[in-house]
Amino acid sequence: MPELPEVATIVRTLAPHVAGRRIIDARILSPLAAAGRSKALAAHLTGRLIHALRRRGKFIVFDLDDGVLCVHLRMTGKLLLDAPPGKFTRAILELDSATLLFDDVRQFGRLSWSKALPPNVARLGPEPFDLVPRTFAERLKARRGRVKPLLLNQAFIAGLGNIYVDEALFRAGIHPRAQASHLSKRRAESLHAAVVEVLAEAIAAGGSSISDYVDAQGRSGGFQRFHRVYGRVGEPCPHCASQIRRIVVAQRGTHLCPRCQRL
DNA sequence: ATCTATTCCTGGCTGC
DNA sequence: TGCAGCCAGGAATAGA
């Protein structure tokens, strides 16, 4: 599941091959990939020059000579460079120098063209690396809900998903159901430090590959080996050796150490 | 603002 | 081996 570190890795591996290149042809094979606007999407993309590629939250943004292409991979989406098309190829962008495939088994991922950054991207919250600890703590203090759903809320902070929220909360020793506004300044700042730390480590490891994720060159990430709670139900907590448990918070599978993360 | 529930989608898993 | 039923999950959406 591509979250910030996975998207960052994809952008890093893809950018040198697409920046400055032209889209010669765009074929949308599945209407779902373009949210039912296949023809319009193909027409908007064909002939466009790609100025730059960047990440915003979990979105991959192609800055074009006319408009922007925003890609969200959701669960199983992939952008693959010079790979053979397969059963799950949903779109093909033929560049002047390479072929870019959008593969997506579950078809939750979306490609969209717009003249300017679309509202769902424009209204994303701050990037984790741009936030200073004090601001993060103040933002937490001002909210009512529980901390996990807040961290998953892309308008509160952009780029975190289920894996890194669970990992960051574990590192900070905070229960996912803790009230955000009740966290002390010290605890809130340590949560910010945990978020930044786990994201940086994951980026350095090329992201986490649980089932589907690979970068633009088809390479798996390595950070799943360093997950401390995510997907480790029943295993000993690396800190206190209690069994890692799975609970449900805001309809999300949530992994935690019941001893290190008390309510 | 914040909560819950629902929808989307399908490979892979469990259990019979 | 086959098949039904369920699960995973990000984001949008509806309704409380």
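In what follows, chains carry the letters A, B, and so on, assigned in the order in which the sequence lines appear, proteins first and then strands, with residues in each chain numbered from 1.
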Protein-nucleotides 9-11 of chain B N/O pairs under 3.5 Å:
| from | atom 1 | to | atom 2 | distance (Å) |
| --- | --- | --- | --- | --- |
| B/dC9 | O4' | A/R106 | O | 3.4 |
| B/dT10 | OP1 | A/Q107 | NE2 | 2.8 |

*Taking atom types as modelled, find out whether A/D103 and A/T89 have a side-chain donor-acceptor pair closer than 3.5 angstrom.*
yes

*Using only heavy-atom distances, determine whether the side chains of A/Q224 and A/Y213 contain a donor-acceptor pair under 3.5 Å.*
no

In the hydrophobic clustering (ILVMFWY, side-chain contacts below 4.5 Å, transitive), which residues join [X], or is it alone?
| X | answer |
| --- | --- |
| A/L263 | none |
| A/V214 | A/L29, A/L80, A/I92, A/L101 |
| A/V68 | A/F59, A/V61, A/L117, A/V121, A/L124 |
| A/V248 | none |

*Please walk me through it: do A/E167 and A/R228 pass salt bridge (charged side-chain N to carboxylate O under 4.0 Å, His left out)?*
CA-CA 7 Å; A/E167 290 296 317; A/R228 299 181 188 174; 5.3 Å; no

Once you round it to whole Å, what is the distance between [atom2] of [N] and [atom1] of [X]?
| X | N | atom1 | atom2 | answer |
| --- | --- | --- | --- | --- |
| A/I157 | C/dG10 | CD1 | P | 15 Å |
| A/E3 | C/dG9 | CD | P | 10 Å |
| A/M75 | B/dG12 | CE | P | 14 Å |

*Would you call A/D104 and A/R90 a salt bridge, using N to O less than 4.0 angstrom?*
no

*Could you check A/R232, A/K148, A/R252 and say which one makes a salt bridge (charged side-chain N to carboxylate O under 4.0 Å, His left out) with A/D166?*
A/K148

*Quickly, which of A/E6, A/E127, A/E3 forms a salt bridge (charged side-chain N to carboxylate O under 4.0 Å, His left out) with A/R55? Name it, please.*
A/E127

*Look at the aromatic rings of A/F226 and A/F223 and report parallel, tilted or perpendicular, splitting at 30° and 60°.*
tilted

Distance-only donor-acceptor pairs under 3.5 Å for side chains of residues 10-17 of chain A, two or more places apart:
| from | atom 1 | to | atom 2 | distance (Å) |
| --- | --- | --- | --- | --- |
| A/T13 | OG1 | A/T9 | O | 3.0 |
| A/T13 | OG1 | A/I10 | O | 3.0 |
| A/T13 | OG1 | A/A216 | N | 3.3 |

*asked:* I'd like to compare against my own output: the B/S/- annotation of nucleotides 11-16 of chain C with a strict under-4.0 Å heavy-atom distance to protein.
replied: BS----

*Could you run down nucleotides 1-6 of chain B 5' to 3' and tag each one B, S or - for protein heavy-atom contact under 4.0 Å?*
-SSSB-

*Could you check whether A/Y230 gets within reach of a base, just the sugar-phosphate, or nothing at all, counting any heavy atom under 4.0 Å?*
sugar-phosphate

*Hey, does A/R177 reach any base, or is it just sugar-phosphate, or nothing, if we go heavy atoms under 4.0 Å?*
nothing

Contacts under 3.5 Å, N or O only, protein and nucleotides 13-15 of chain B:
none

*Contact residues, residues 197-210 of chain A to DNA chain C [heavy atom, < 4.0 Å]*: none

*asked:* Suppose we screen for ring-ring contact (aromatic ring centres under 6.0 Å, His included). Which residues come up paired with A/H44, at least two apart in sequence or across chains?
replied: A/W113

*For the residue pair A/R110 and A/L32, establish whether any side-chain heavy-atom pair is separated by less than 4.5 Å.*
yes

_Qualifying side chain to side chain donor-acceptor pair (under 3.5 Å) pairs, either residue in residues 131-141 of chain A, two or more places apart_ = A/R134-A/E138

